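Reviewing the structure listed below.
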Amino acid sequence: MELTRYVDELQHQLATAAAAGGDEAREMAGRLTAPLDAAVRLVLLEALSTAADEITAELAPGAVDVRLRGRDPEFVVTPAPSARFEEAAAPPAEPARAAVFDADDVSTSRTTLRLPDQLKAQVEEAAAREGTSVNTWLVRAVASALAPAATSRPPVRATSTSGRVTGWVR
């Protein structure tokens, strides 16, 4: 979904309103146009995400997600599963292969995650200990949980009391 036309329309409306205030108001509107671009896009993305959440609540068990590709959001609709008898008649699918996490992939999805307050506090503390944001910590935790096990041992957190060592060790 292209947001540029909505941002441009808002800028046009701002210029029109400023024209009624004279030269000084027009000049101020011109200076505000560029900084408002990012803010307007963020507000529009928040509105689209809220709308997708409301639609998902109505579609359950289907879902609508908003993904950001570059500067433009896109909607991804996951339909509800078909009737059980149709599923039973379908041939068995190939087993799913584990997806490999690509840190260079620039596409993102917004996901609402509800955590108990106590667990959220623990996640925030863990992220702070690592010097990362909660989002980054959660992405790493999910990627680690979904990654194929290189060994049979679980990952171990590397720490040091004499110097600063960070990261995970398998």
Side-chain angles (χ1 to χ4, degrees), residues 1-80 99-147 155 157-160 163-168:
M1 172 177 209
E2 174 97 14
L3 293 182
T4 303
R5 69 180 182 152
Y6 300 102
V7 174
D8 290 346
E9 178 61 25
L10 182 61
Q11 290 172 348
H12 173 72
Q13 294 295 329
L14 177 63
T16 302
D23 291 338
E24 189 175 315
R26 260 189 303 246
E27 186 179 312
M28 177 63 76
R31 286 194 309 250
L32 289 175
T33 299
L36 282 176
D37 184 82
V40 168
R41 287 177 185 278
L42 189 60
V43 169
L44 287 173
L45 183 59
E46 184 69 28
L48 292 173
S49 295
T50 300
D53 289 343
E54 290 179 16
I55 294 168
T56 294
E58 295 295 320
L59 284 179
V64 175
D65 291 312
V66 178
R67 293 186 182 166
L68 192 59
R69 291 212 182 262
R71 295 180 68 175
D72 295 319
E74 65 181 29
F75 293 100
V76 178
V77 179
T78 306
V100 177
F101 176 66
D102 181 7
D104 295 329
D105 187 5
V106 295
S107 63
T108 61
S109 296
R110 182 182 177 119
T111 302
T112 301
L113 175 65
R114 290 179 175 83
L115 296 173
D117 289 338
Q118 185 178 12
L119 183 58
K120 181 179 180 281
Q122 291 174 342
V123 168
E124 288 170 341
E125 289 172 11
R129 278 193 307 271
E130 290 185 21
T132 65
S133 68
V134 170
N135 187 70
T136 299
W137 190 91
L138 287 170
V139 168
R140 288 178 182 168
V142 170
S144 175
L146 295 176
R157 175 80 171 124
T159 59
S160 173
R164 184 166 187 220
V165 177
T166 61
W168 290 90

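Keep in mind it's a predicted model, so treat the numbers as computed, not measured.
Scanning for side chain to side chain donor-acceptor pair (under 3.5 Å) contacts around Glu54 gives an empty result, with sequence neighbours left out. When the side-chain contact (heavy atoms from CB on, under 4.5 Å) test is applied to Ile55, the partners found at least two apart in sequence or on another chain are Leu59, Val64. Under the side-chain contact (heavy atoms from CB on, under 4.5 Å) criterion, Asn135 pairs with Ser133, Val139, sequence neighbours left out. Residues satisfying the side-chain contact (heavy atoms from CB on, under 4.5 Å) criterion with Thr16, sequence neighbours excluded, are His12. Taking the side-chain contact (heavy atoms from CB on, under 4.5 Å) definition, one finds that Thr4 meets it with Glu2, Asp8, Arg41, sequence neighbours left out.
Side-chain atoms of Phe75 and Asp65, non-hydrogen and from C-beta on, never get closer than 4.5 Å to each other. Considering only heavy atoms from C-beta on, Leu36 comes within 4.5 Å of Leu14 through its side chain. Between Arg140 and Thr132, some side-chain heavy-atom pair lies under the 4.5 Å cut-off.
Pro73 and Leu45 get closest at one heavy-atom pair: CB-CD1, 3.8 Å. Val66 and Ser49 get closest at one heavy-atom pair: CG2-CA, 4.0 Å.
None of Asp37, Leu44, Leu42, Val43 except one satisfies the side chain to side chain contact (heavy atoms under 4.5 Å, CB included) rule with Val40; the exception is Leu44. Evaluated for a side chain to side chain contact (heavy atoms under 4.5 Å, CB included) with Trp137, the options Glu130, Arg129, Glu125, Glu124 yield exactly one hit, Glu130.
Among residue pairs with one or both ends in residues 9-30, those qualifying as salt bridge (Lys or Arg N to Asp or Glu O under 4.0 Å) are Asp23-Arg26, Glu27-Arg31; sequence neighbours excluded.
Atoms CG and CZ, from Asp53 and Arg110 in turn, are 7.5 Å apart once rounded to the nearest 0.5 Å.
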